[in-house]
Every structure is written in structure tokens, then in C-alpha cells.
Amino acid sequence: MTIRPVRRGELKAVIEIDTLVTGIEKLSYWNSLYRRYADAVATGQHFLVALSGKNVVGFVIGEVRDWEFGSPPCGWVFAIDVRPDFRLAGTATQLLGAICDGFRKAGVSKVRTMLSRDNSLILSFFRSQGMMIGPFIPLEMDLEA
Ligand SMILES: CC(C)(COP(=O)(O)OP(=O)(O)OC[C@H]1O[C@@H](n2cnc3c(N)ncnc32)[C@H](O)[C@@H]1OP(=O)(O)O)[C@@H](O)C(=O)NCCC(=O)NCCS
């Protein structure tokens, strides 16, 4: 398994994995994310893929955010997905390890993420990696038109 920054020609495979997992194809979102993240490692942004041979089998996206929500700089993982037929083989563990290495190099010592309460799979994964409930709580409300 190789973990490295995504290349333009691999975006299609990333979109296919995301569409498979979420059921929604978001072409413009992924193109815009690629433009912002692909070459931005120096600014603490990471868009990494896991490759088995030449095939993309998973990806992770995240970045270092400074003083957001009053927090000292920390790494945020926004998305992590592995192709269903490549799961339970340590791929996501390697992806998370690689992005955390990037965060450490950027000088931060904390990683955070957010997940849906109903997604017990991703919760099991993050718990297995040692992640615990943090000191922040998400708040939301509906906006009237
Ligand atoms: C969660 C996910 C990323 C895990 O990928 P993976 O490559 O299979 O994970 P790993 O093989 O590295 O698993 C590491 C640990 O996570 C936990 N885990 C992973 N899959 C699990 C499952 N199906 N049930 C319970 N625990 C699980 C286990 O503790 C596992 O360690 P173990 O194999 O020693 O028991 C993958 O299942 C996935 O892409 N799911 C959909 C993700 C999603 O919903 N994304 C949208 C929000 S970002």
C-alpha cells in the first residue's frame, strides 16, 4: 500500500469511492477541493490517497486550522473513506497515520474530527485509533428563508 498526495488523474477514482459511500455524486465540489488542497501541503492542507498498485482504494482529507473556535492550532480530518472491497485491511489506519504525520510536521499536537451520531462504523474506526470525545459541542439550527 502506498500513501501519497492525490494526483489529478486519480480524482475520478476518489469521486467514485465517495459516490459509493454517500450515494451523492458531487463533481464540482471535488474539483474545487482538488484545486484548493492538492498542492497545498506547505500550508497544512492534505488530500492523500491510498494506492494498491495503481488503483486508488481510499483517501483522507484534512488541514491545520489556526485558532478556529478559540482553539490553538490543530489538525482537522474532514473525510476518510476506503473502498468497500479493501476494508478491514488497515488502509484507513495508514491514511490517518499519514495525515497525522503531516499535522505533526506542521507543528500541531492535536487532531480533531466530526462525525454523524448515526455512523457507528466511522465511530468504531476513530475510537480504535484512540480518538475520544473532545471539549467542543456542535450546535445548529434551521434558517428560515
Ligand atoms: C471507517 C473506514 C474508513 C475504515 O476503513 P478500513 O480501512 O476498513 O479501517 P482499518 O482496516 O484501518 O480498521 C481499523 C480499525 O477500525 C475498526 N473498524 C474498521 N471497520 C470496522 C467495522 N466494520 N466494524 C467494527 N470496527 C471496525 C476496527 O477496530 C479496526 O481494527 P481491527 O481490524 O484491528 O479490528 C471504512 O469502513 C469506510 O470508508 N467507511 C465509510 C466511511 C464513511 O462513512 N465516511 C463518511 C464520513 S467521512
Side-chain angles (χ1 to χ4, degrees), residues 1-41 43-69 71-106 108-143:
M1 189 74 59
T2 306
I3 311 280
R4 59 153 170 74
V6 66
R7 293 176 186 159
R8 178 82 224 180
E10 292 157 354
L11 199 55
K12 186 168 173 280
V14 167
I15 295 171
E16 276 169 13
I17 296 172
D18 175 60
T19 306
L20 202 61
V21 171
T22 66
I24 308 167
E25 194 185 54
K26 327 166 188 88
L27 290 179
S28 58
Y29 163 76
W30 282 108
N31 280 316
S32 133
L33 198 80
Y34 179 82
R35 281 194 297 275
R36 280 187 288 136
Y37 277 68
D39 296 318
V41 174
T43 53
Q45 290 164 307
H46 301 274
F47 184 167
L48 307 177
V49 284
L51 297 154
S52 173
K54 289 187 174 173
N55 297 320
V56 174
V57 298
F59 63 86
V60 65
I61 298 162
E63 70 181 12
V64 173
R65 301 295 287 259
D66 295 340
W67 301 108
E68 307 273 345
F69 313 112
S71 156
C74 72
W76 277 93
V77 173
F78 299 138
I80 185 162
D81 278 321
V82 172
R83 235 170 69 178
D85 51 339
F86 272 83
R87 288 181 187 170
L88 288 174
T91 305
T93 300
Q94 288 189 56
L95 282 164
L96 187 67
I99 201 167
C100 286
D101 284 347
F103 292 154
R104 278 187 209 96
K105 279 183 194 141
V108 301
S109 55
K110 180 86 74 186
V111 59
R112 297 197 164 103
T113 191
M114 190 139 62
L115 51 104
S116 162
R117 226 176 262 272
D118 306 328
N119 195 336
S120 56
L121 174 54
I122 197 87
L123 178 61
S124 296
F125 167 69
F126 281 126
R127 283 290 295 114
S128 82
Q129 304 299 302
M131 294 190 77
M132 316 257 275
I133 290 180
F136 297 93
I137 53 170
L139 295 178
E140 65 177 31
M141 68 176 179
D142 293 327
L143 296 177

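Note that this is a predicted model, so its numbers are computed, not measured. This chain uses plain numbering: 1 for the first residue, then up along the sequence. Start at 1 and go down the list; that is how both ligands and their atoms are numbered.
The A79 neighbourhood of ligand 1 comprises atoms 48 (S), with distances under 4.0 Å to a heavy atom of that residue. Residue I80 approaches ligand 1 through these ligand atoms, each under 4.0 Å from one of its heavy atoms: 42 (C), 45 (N), 48 (S). Near T91, the atoms of ligand 1 lying under 4.0 angstrom from a non-hydrogen atom of the residue are 7 (O), 12 (O).
When only non-hydrogen protein atoms are considered, atom 27 (C) of ligand 1 lies nearest to S124 CB, 4.1 Å. The closest protein non-hydrogen atom to atom 8 (O) of ligand 1 is L88 N, 2.6 Å. Of all protein heavy atoms, the one lying nearest to atom 7 (O) of ligand 1 is A92 N, 3.0 Å. Nearest to atom 44 (O) of ligand 1 among the protein's heavy atoms is N119 ND2, 2.9 Å. The protein non-hydrogen atom at the shortest distance from atom 39 (O) of ligand 1 is V82 N, 2.8 Å. Counting only heavy atoms of the protein, atom 36 (C) of ligand 1 lies nearest to R87 NE, 3.5 Å. The nearest protein atom to atom 30 (C) of ligand 1, hydrogens excluded, is given as S128 OG, 4.3 Å; this is a heavy-atom distance. Closest protein heavy atom to atom 21 (C) of ligand 1: L121 CD1, 3.6 Å.
Contact detail for R127 and M131: the closest heavy-atom pair is NH1-O, 3.1 Å. Residues L95 and G58 share a closest heavy-atom pair of CD1-C, 3.9 Å. For R112 against S71, the heavy-atom pair with the smallest separation is NH1-OG, 2.9 Å.
A salt bridge does not link R36 with E63: every distance from a Lys NZ or Arg NE/NH1/NH2 to an Asp or Glu carboxylate oxygen is 4.0 Å or more.
Not a single protein heavy atom sits closer than 4.0 Å to atom 34 (O) of ligand 1.
Ligand 1 has an N or O atom lying under 3.5 Å from an N or O atom of A89, backbone or side chain. Any N or O atom pair closer than 3.5 Å counts here, and G90 shares at least one such pair with ligand 1. Between Q129 and ligand 1, not a single N/O pair is under 3.5 Å apart.
Within a 6.0 Å sphere centred on NZ of K12, heavy atoms belonging to other residues, nucleotides or ligands number 12 at most. Shown here is R117, whose CZ atom has no more than 12 heavy atoms of other residues, nucleotides or ligands within 6.0 Å.
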| field | Step-by-step side-chain contact (heavy atoms from CB on, under 4.5 Å) determination, I3 to V60 | value | CA-CA 10 Å; I3 311 280; V60 65; 5.9 Å; no
| task | For side-chain contact (heavy atoms from CB on, under 4.5 Å), just list the numbers for V56 and L51, CA-CA rounded to whole Å, side-chain angles, deciding distance to a tenth of an Å, and then say yes or no. | result | CA-CA 5 Å; V56 174; L51 297 154; 3.7 Å; yes
| field | Derivation of the side-chain contact (heavy atoms from CB on, under 4.5 Å) call for E25 and E16 | value | CA-CA 8 Å; E25 194 185 54; E16 276 169 13; over 6 Å; no
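Between atom 45 (N) of ligand 1 and the options T93, I61, L123, D81, the minimum heavy-atom separation is to D81.
Counting heavy atoms under 4.0 Å from ligand 1, residue T22 does not touch it at all.
A distance-only check finds no donor-acceptor pair linking the side chain of R83 to the backbone of R87 [under 3.5 Å].
Between W30 and F59, the ring-plane angle classifies as perpendicular under the 30° and 60° cut-offs.
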